[in-house]
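For reference, the structure discussed in these notes is given below.
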Amino acid sequence: MKKPSDKSPRRTGAQLKAAIRRQPSVFAVYTILRLIVLATLVSSILRGEYESAFICLLVLVLFMLPFFIQQNFGIELPSTLEIIILLFIFAAEILGELKCYFITFHHWDTMLHTTTGFLCAATGFALIDILNRNSRIKFQLSPIYVALVAFCFSMTVGVLWEFFEFGMDRLFQMDMQKDTVVNSITSVMLDPTNSNIPVTIDGITSVQVNGQELGFGGYLDIGLYDTMKDLFVNFIGAVVFSAIGYFYIKHRGHGKLAKAFIPTITDKADSAAPPENTN
């Protein structure tokens with residue numbers, strides 16, 4: 001009798017059951033969110049909102065990413081980190097895009113970008129730490145360097161995302177870089193002497209474009225404030241996780257907070273590494 005391959009449905013089903021027994025809280029959150037997304041998908045199709053239906057399908061696929069990563073790359077995601085990932089996907093796509101939380105709740109986008117900085121730092125940290133702990137790879141970095149790489153990885157992803165938002169806004173007339181109403185502007189272009197002297201206009205309460213009042217009660221900044229705010233909160237999230245990662249490596253095996261967010265290697269052969277360098 002032929003033994004089922006690792007890619008067979010039976011093998012995948014067994015792996016899924018094992019994952020459920022190992023992380024019941026993750027499965028509970030996954031099930032609840034999946035049912036909500038499925039209900040939203042059916043509702044979108046019935047209303048003829050096919051773009052919303054596509055987003056729902058995308059979310060269902062993204063929900064499977066943690067399981068896919070764990071089964072195909074030998075990486076074990078802690079339950080806390082996996083739940084954060086699932087909630088983040090749901091909050092960004094279903095609540096943010098379909099339910100318009102980005103517009104309804106002023107700080108919704110800020111919260112998500114902070115979480116993005118945290119999760120991307122976790123990803124960068126895991127990539128380096130796994131190499132650091134692999135006995136078959138001659139690769140050993142100090143805790144401070146691993147934390148620095150995690151921070152830089154997170155900030156790079158954040159910058160690339162802002163490039164993407166800017167490109168979508170410029171090329172397809174979207175508004176991914178949300179505008180901000182400000183009541184003061186400073187620009188050297190307002191200097192009548194052309195001497196590169198910044199001139200400030202304070203107390204802006206009314207702005208007209210082509211003779212039409214905008215009605216926003218101030219000057220409409222096109223994306224700059226939003227971009228810088230997103231990068232700043234991404235910075236905060238990256239710093240927080242990088243600090244957690246640093247102390248995790250410094251005191252390997254200690255600290256419940258770190259263990260809740262640090263992915264580990266499921267292959268014991270790969271996890272056997274030389275003693276940690278704590279310099």
Is the count of non-hydrogen atoms from other residues, nucleotides or ligands lying under 6.0 Å from [X] atom [atom1] greater than 12?
| X | atom1 | answer |
| --- | --- | --- |
| Gln212 | CD | no |
| Glu213 | CD | yes |
| Met168 | CE | yes |

Linking I/L/V/M/F/W/Y whenever any side-chain heavy atoms sit under 4.5 Å apart, do [X] and [Y] land together?
| X | Y | answer |
| --- | --- | --- |
| Leu148 | Met155 | no |
| Met176 | Phe166 | no |
| Val42 | Leu60 | no |

Are the side chains of [X] and [Y] in touch, meaning some heavy atoms are under 4.5 Å apart?
| X | Y | value |
| --- | --- | --- |
| Ile201 | Tyr219 | no |
| Trp161 | Val157 | no |
| Asn234 | Cys120 | no |
| Leu220 | Val181 | yes |
| Trp108 | Leu95 | yes |
| Leu119 | Phe88 | yes |
| His113 | Glu162 | yes |
| Thr40 | Ser52 | no |

To the nearest 0.5 Å, what is the distance between [atom1] ([X]) and [atom2] ([Y])?
| X | Y | atom1 | atom2 | result |
| --- | --- | --- | --- | --- |
| Phe125 | Phe153 | CZ | CZ | 13.5 Å |
| Glu97 | Lys99 | CD | NZ | 13.0 Å |
| Leu41 | Leu58 | CG | CG | 12.0 Å |
| Ile32 | Phe27 | CD1 | CZ | 10.5 Å |
| Phe235 | Ser154 | CZ | OG | 10.5 Å |
| Ile244 | Phe118 | CD1 | CZ | 4.5 Å |

All salt bridge (charged side-chain N to carboxylate O under 4.0 Å, His left out) counterparts of Glu49, not counting sequence neighbours: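 Residues passing salt bridge (charged side-chain N to carboxylate O under 4.0 Å, His left out) with Glu49: Arg47.
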
Test salt bridge (charged side-chain N to carboxylate O under 4.0 Å, His left out) applied to Lys229 - qualifying residues, sequence neighbours left out: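 Here the qualifying residues are Asp109, Asp226.
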
Taking every non-hydrogen atom, the tightest pair across [X] and [Y]:
| X | Y | result |
| --- | --- | --- |
| Leu86 | Leu33 | O-CD1, 3.8 Å |
| Tyr225 | Asp221 | N-OD2, 3.0 Å |
| Ala122 | Leu81 | CB-CD1, 4.5 Å |
| Cys56 | Leu98 | SG-CD1, 3.8 Å |
| Thr80 | Ala260 | CB-O, 3.2 Å |
| Ile185 | Ile204 | CG1-CD1, 3.9 Å |

If we ignore hydrogens and angles and just use 3.5 Å, is the side chain of [X] paired with the main-chain N or O of [Y] as donor and acceptor?
| X | Y | value |
| --- | --- | --- |
| Thr114 | Thr110 | yes |
| Asp230 | Gly158 | no |
| Ser187 | Met189 | yes |
| Gln23 | Leu77 | yes |

Derivation of the side-chain contact (heavy atoms from CB on, under 4.5 Å) call for Tyr145 and Ile128: CA-CA 10 Å; Tyr145 194 87; Ile128 298 300; 5.9 Å; no

Intermediate values then yes/no, side-chain contact (heavy atoms from CB on, under 4.5 Å), Ile103 and Lys178: CA-CA 9 Å; Ile103 304 300; Lys178 297 298 184 290; 4.2 Å; yes

Whether Phe247 and His251 hold their rings parallel, tilted or perpendicular, with breakpoints at 30° and 60°: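 Phe247 vs His251 ring planes: parallel.
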
